[in-house]
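Worksheet: the structure to be examined is printed underneath.
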Amino acid sequence: MTTAQHLDLIDRLRAQSFVDTPVRLGRHSSGPGHHLLRLEETGDFWEDDGSGRAEAAEQISAEYAALTQALTELWGVPLVFTLRSPAVGDAGEEGMPEPWEELGNSTDHVHVWRAGDRWLVACVTQWGEQDSYALMAGVTVTDPP
């Protein structure tokens, strides 16, 4: 998929209303006040000797850089922060609100832009070392932690 196609999908997410109860359908998940979408995904690395992982990481990083550049041109300089810092991780018994909790379990950092009354989120996720990388985009009304 091209960066222009990614931007089109993000615009569609921005236009969608939010659901009352969490739902996950393939590459898309939604919940009260947010949508997340896997734009691109690599294969997993369960049988990889390490060479495929390095190549996939380089490719997904390039796609992430292109997407963040395009979103910056549209929405201005993003906030860039980690969801795994001790300050963010100390969110109390209830944890972080979604989608920040889900993203915080699978990424080191996020880029966030204010787009009207919503936040746009872009990041690369990976749940475990052998799992695939995913280029993620999200839309939420929930302020970042």
Side-chain angles (χ1 to χ4, degrees), residues 1-19 22-91 95-145:
M1 217 180 280
T2 67
T3 300
Q5 290 169 317
H6 293 158
L7 293 174
D8 181 57
L9 288 172
I10 292 168
D11 279 342
R12 290 184 200 184
L13 283 181
R14 287 183 52 233
Q16 286 183 8
S17 57
F18 298 113
V19 297
V23 62
R24 186 174 302 273
L25 298 168
R27 300 169 76 105
H28 182 208
S29 65
S30 292
H34 74 275
H35 299 294
L36 291 175
L37 178 63
R38 280 179 286 157
L39 298 170
E40 297 287 341
E41 190 169 18
T42 67
D44 64 43
F45 308 107
W46 290 100
E47 297 182 23
D48 181 53
D49 63 1
S51 60
R53 183 176 308 131
E55 184 177 322
E58 187 175 307
Q59 177 62 36
I60 205 92
S61 292
E63 292 178 19
Y64 181 44
L67 179 61
T68 58
Q69 178 63 38
L71 287 168
T72 297
E73 290 171 8
L74 289 169
W75 297 105
V77 178
L79 299 173
V80 181
F81 60 92
T82 181
L83 295 171
R84 293 184 181 179
S85 72
V88 172
D90 188 23
M96 284 188 286
E98 292 298 346
W100 309 111
E101 179 78 21
E102 180 177 340
L103 294 173
N105 289 325
S106 61
T107 191
D108 290 327
H109 69 278
V110 294
H111 281 72
V112 181
W113 296 261
R114 190 68 175 170
D117 65 341
R118 298 182 179 200
W119 293 99
L120 304 181
V121 182
C123 61
V124 173
T125 63
Q126 184 183 35
W127 287 94
E129 192 173 295
Q130 270 68 41
D131 293 322
S132 61
Y133 293 108
L135 177 61
M136 300 288 295
V139 175
T140 184
V141 293
T142 305
D143 290 339

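Fair warning: this is a prediction, and the values are worked out from it, not measured in the lab. Keep in mind that the numbers below use all heavy atoms, side chains included, and drop hydrogens, waters and symmetry copies.
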I need the minimum non-hydrogen distance between [X] and [Y], along with the two atoms involved.
| X | Y | value |
| --- | --- | --- |
| R14 | R118 | O-NH1, 2.8 Å |
| W100 | T142 | NE1-O, 3.2 Å |
| P78 | H111 | CG-CD2, 3.7 Å |
| L7 | A70 | CD1-CB, 3.8 Å |
| G138 | L36 | CA-CD2, 3.8 Å |
| L39 | M1 | O-CE, 4.0 Å |

Under the 3.5 angstrom rule, does the side chain of [X] hit a backbone N or O of [Y] as a donor-acceptor pair?
| X | Y | result |
| --- | --- | --- |
| T68 | A65 | yes |
| T42 | Y133 | yes |
| T82 | D108 | yes |
| T140 | G33 | yes |
| E101 | M96 | yes |

Query - Sole residue of L79, V141, V139 in side-chain contact (heavy atoms from CB on, under 4.5 Å) with W119 - result: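 Of the listed residues L79, V141, V139, the side-chain contact (heavy atoms from CB on, under 4.5 Å) partner of W119 is L79.
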Which distance, rounded to the nearest 0.5 Å, do you find between the [atom1] of [X] and the [atom2] of [Y]?
| X | Y | atom1 | atom2 | answer |
| --- | --- | --- | --- | --- |
| M136 | L67 | CE | CG | 12.0 Å |
| L37 | H6 | CG | NE2 | 9.0 Å |
| S30 | L13 | OG | CG | 7.5 Å |
| T3 | Y64 | OG1 | OH | 13.5 Å |
| R38 | S29 | CZ | OG | 8.5 Å |
| W75 | I10 | CH2 | CD1 | 11.0 Å |

Requested in this report: Apply side chain to side chain contact (heavy atoms under 4.5 Å, CB included) to L74 and L120, showing your working.
Outcome: CA-CA 11 Å; L74 289 169; L120 304 181; over 6 Å; no
Query - Any residue meeting salt bridge (Lys or Arg N to Asp or Glu O under 4.0 Å) with E102, in chain and number order, not counting sequence neighbours - result: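 Expected list: R24.
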Query raised in the report: Are more than 12 heavy atoms from other residues, nucleotides or ligands located less than 6.0 Å from atom CD of Q5?
Result: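 For Q5, atom CD is crowded (more than 12 foreign heavy atoms under 6.0 Å).
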Report task. Taking ring-ring contact (aromatic ring centres under 6.0 Å, His included) as the test, write out the residues that go with H35, two or more places apart. Result ->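 Partners of H35 by the ring-ring contact (aromatic ring centres under 6.0 Å, His included) criterion, ordered by chain and then number, come out as F18, H28.
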Query raised in the report: What residues, two or more places apart in sequence or in another chain, satisfy side-chain hydrogen bond (donor to acceptor under 3.5 Å, both in side chains) together with R12?
Result: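 By the side-chain hydrogen bond (donor to acceptor under 3.5 Å, both in side chains) rule, R12 matches D8.
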Query raised in the report: Step by step, would you call F81 with V110 a side chain to side chain contact (heavy atoms under 4.5 Å, CB included)?
Result: CA-CA 6 Å; F81 60 92; V110 294; 4.0 Å; yes
Report task. Would you kindly say whether Q59 and E63 are connected by a side-chain donor-acceptor distance under 3.5 Å? Result ->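 Distance-only check passes for Q59 and E63.
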Requested in this report: Find out whether W46 and D131 are in side-chain contact, i.e. whether some heavy atom of one side chain is under 4.5 Å from a heavy atom of the other.
Outcome: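 In short, these two side chains touch, coming nearer than 4.5 Å.
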